[in-house]
There are 2 protein chains.
Amino acid sequence: MYRIGELAKQCEVKADTLRFYEKHGLLAPSSRSDSGYRLYNEHDAERLRFILRAKAVGFTLAEITELLSIELDKSNWACADVKGMVDGKLEHVNQKIAELKHFQVSLERLSDACCGGPESAEHCSILEALESNTDSIKCENHGHHHDSSQYTKNCQSKG
Amino acid sequence: MYRIGELAKQCEVKADTLRFYEKHGLLAPSSRSDSGYRLYNEHDAERLRFILRAKAVGFTLAEITELLSIELDKSNWACADVKGMVDGKLEHVNQKIAELKHFQVSLERLSDACCGGPESAEHCSILEALESNTDSIKCENHGHHHDSSQYTKNCQSKG
DNA sequence: ATAAACCTTGGAGTTAAATCTAAGGTCAAG
DNA sequence: CTTGACCTTAGATTTAACTCCAAGGTTTAT
């Protein structure tokens with residue numbers, strides 16, 4: 001059993017945040033001490049970690065509440081309801097993954113194309129890679145690859 | 001060239017939001033009409049779509065500004081700076097992807113385990129699947145698989 | 001037995017990100 | 001030549017999600 005400060009520290013949030021989550025129905029401690037201190041068990045901690053993970057990938061607290069509500073009143077739901085809801089969220093998640101992979105490809109391409117040296121980055125065409133999801137980044141000395149790299153290093157010494 | 005309302009509609013945001021982004025340095029129209037109307041070109045629209053995609057996967061406007069700033073003053077940066085920054089963001093993105101895949105697996109498992117029928121969902125152990133990233137969901141009639149499904153359907157008729 | 005470090009509640013304040021309001025200018029259609 | 005749907009700015013208000021504060025109770029270490 002953790003007291004509020006312990007759980008907060010463990011999960012790198014403020015105790016206030018846990019009280020806030022409780023007030024808004026996301027996470028209540030499973031018990032209280034005689035003196036009224038909140039006591040969280042491992043299951044509560046797991047639930048908090050779920051909330052924080054969901055938040056980190058862009059779900060709002062309202063959406064997280066909805067996700068968690070699937071459990072709360074599950075005996076009042078039909079399987080079809082649950083499945084519909086889960087599939088909806090799944091679609092949402094899949095879309096986020098697709099979007100992130102876009103970013104990932106762009107950033108990797110950019111990182112690979114940049115020599116990383118002390119030269120001016122003038123020739124690293126960053127936004128071309130980030131913004132438009134074109135197949136290749138703009139490249140000053142383009143047109144040929146060698147074994148050492150799939151991408152052309154395009155930083156130039158300023159002289 | 002789009003006027004503010006056109007671009008807003010196209011990207012499903014309010015015109016106010018575009019003015020807000022302009023005020024905060026994220027997106028300025030590339031020109032103005034004689035009468036002072038904002039005029040956005042395709043490049044501006046692309047930039048907006050980038051901002052919205054980044055927002056959807058949980059980046060704050062401050063982080064997006066930072067991402068976009070790589071381009072703005074790129075001639076003042078060394079390649080090493082740019083690469084460092086990009087690699088930092090890349091790590092961030094990779095972590096988000098990993099987290100989302102966790103969700104994806106959990107939700108898929110849950111969806112597959114739920115028969116989707118009109119029965120009570122009492123036996124769909126949702127939070128078990130969502131919260132703890134265990135290898136298998138809790139299952140009422142567990143222990144054997146058949147060809148038709150990798151997962152055991154565990155909804156039960158109430159009666 | 002008392003100080004330091006916890007905890008309680010209720011309510012106010014903050015920050016990010018819009019969203020709205022007011023007072024007025026622009027433009028195409030009838 | 002006016003009506004209605006756009007646009008302008010400046011500034012106020014809202015919403016989500018915390019974050020802090022005040023006044024007091026509890027625990028633990030010396």
Side-chain angles (χ1 to χ4, degrees), chain A residues 1-41 44-45 47-69 89 92 96 99, chain B residues 1-41 44-45 47-69 89 92 96 99:
Chain A
M1 296 298 233
Y2 317 100
R3 285 188 310 185
I4 196 168
E6 294 169 324
L7 180 59
K9 190 166 219 176
Q10 192 185 104
C11 292
E12 297 178 279
V13 296
K14 301 260 163 71
D16 278 328
T17 302
L18 300 188
R19 292 196 198 96
F20 175 85
Y21 286 169
E22 181 174 355
K23 191 156 68 182
H24 290 77
L26 279 102
L27 174 69
S30 50
S31 60
R32 293 271 183 145
S33 73
D34 290 348
S35 54
Y37 285 18
R38 288 168 178 82
L39 294 175
Y40 298 89
N41 63 20
D44 299 332
R47 188 177 171 105
L48 175 57
R49 271 175 240 124
F50 173 77
I51 292 168
L52 297 178
R53 258 186 279 128
K55 242 176 57 65
V57 294
F59 283 103
T60 65
L61 295 192
E63 288 170 330
I64 296 170
T65 299
E66 206 183 338
L67 267 171
L68 291 170
S69 80
K89 290 294 171 193
H92 193 170
K96 276 174 188 285
E99 278 163 350
Chain B
M1 296 297 234
Y2 317 99
R3 283 185 313 181
I4 195 166
E6 294 169 324
L7 181 59
K9 189 165 219 174
Q10 194 186 102
C11 292
E12 298 178 279
V13 296
K14 300 260 164 70
D16 279 327
T17 302
L18 300 188
R19 293 195 197 94
F20 175 84
Y21 286 169
E22 181 174 354
K23 191 156 68 181
H24 290 77
L26 279 101
L27 174 69
S30 49
S31 60
R32 293 271 184 146
S33 74
D34 289 349
S35 54
Y37 286 16
R38 288 168 178 80
L39 294 174
Y40 299 89
N41 63 20
D44 298 332
R47 188 177 172 105
L48 175 58
R49 270 175 241 123
F50 172 78
I51 292 167
L52 297 178
R53 257 186 279 126
K55 243 177 58 65
V57 294
F59 282 104
T60 65
L61 296 192
E63 288 170 329
I64 297 170
T65 299
E66 205 183 340
L67 267 172
L68 291 170
S69 81
K89 291 293 172 196
H92 194 171
K96 278 174 188 284
E99 278 163 351

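In what follows, chains are A, B, ... by sequence order, proteins preceding strands, each numbered from 1.
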Colleague: Just call it for Ser33(A): base, sugar-phosphate, or nothing, with non-hydrogen atoms closer than 4.0 Å on any strand.
Modeller: nothing

Colleague: Could you pick out which residue, Lys14(B) or Phe59(B), lies toward the 5' side of DNA chain C when each is mapped onto its nearest nucleotide?
Modeller: Phe59(B)

Colleague: What is the distance from atom CD1 of Ile51(B) to atom CG of Leu18(B), rounded to the nearest 0.5 Å?
Modeller: 9.0 Å

Colleague: Could I get the full list of side-chain contact (heavy atoms from CB on, under 4.5 Å) partners for Asp16(A), not counting sequence neighbours?
Modeller: Lys14(A), Arg19(A)

Colleague: Which whole-number value in Å describes the distance from Glu22(A) CD to dC18(D) P?
Modeller: 15 Å

Colleague: Does Phe59(B) have any ring-ring contact (aromatic ring centres under 6.0 Å, His included) partners at least two apart in sequence or in another chain, and if so, which?
Modeller: Phe103(A), His92(B)

Colleague: Between which nucleotides of DNA chain C, 5' to 3', does chain B make heavy-atom contacts below 4.0 Å?
Modeller: dA17(C) to dC27(C)

Colleague: If the cut-off is 4.0 Å, is Lys55(A) near the phosphate of dC18(D), judged by side-chain N/O to OP1 or OP2?
Modeller: yes

Colleague: Which residues satisfy the salt bridge (charged side-chain N to carboxylate O under 4.0 Å, His left out) test with Arg49(B), sequence neighbours excluded?
Modeller: Glu42(B), Glu46(B)

Colleague: Each nucleotide in nucleotides 6-11 of chain D should get exactly one letter: B, S or -. Can you fill that in based on protein heavy atoms under 4.0 Å?
Modeller: BSBB--

Colleague: Between Arg47(B) and Glu22(B), is there a salt bridge with N-O shorter than 4.0 Å?
Modeller: no

Colleague: Closer than 3.5 angstrom, by distance alone: can the side chain of Lys55(A) be matched with the main-chain N or O of Leu61(A) as a donor-acceptor pair?
Modeller: no

Colleague: For Lys89(A), which residues count as a salt bridge (charged side-chain N to carboxylate O under 4.0 Å, His left out) partner, sequence neighbours excluded?
Modeller: Glu66(A)

Colleague: How many angstroms lie between atom CZ of Phe20(B) and atom CG of Leu27(B), to the nearest 0.5 angstrom?
Modeller: 12.5 Å

Colleague: Atom CD of Glu12(A) and atom C1' of dC18(D): how far apart are they, to the nearest Å?
Modeller: 17 Å

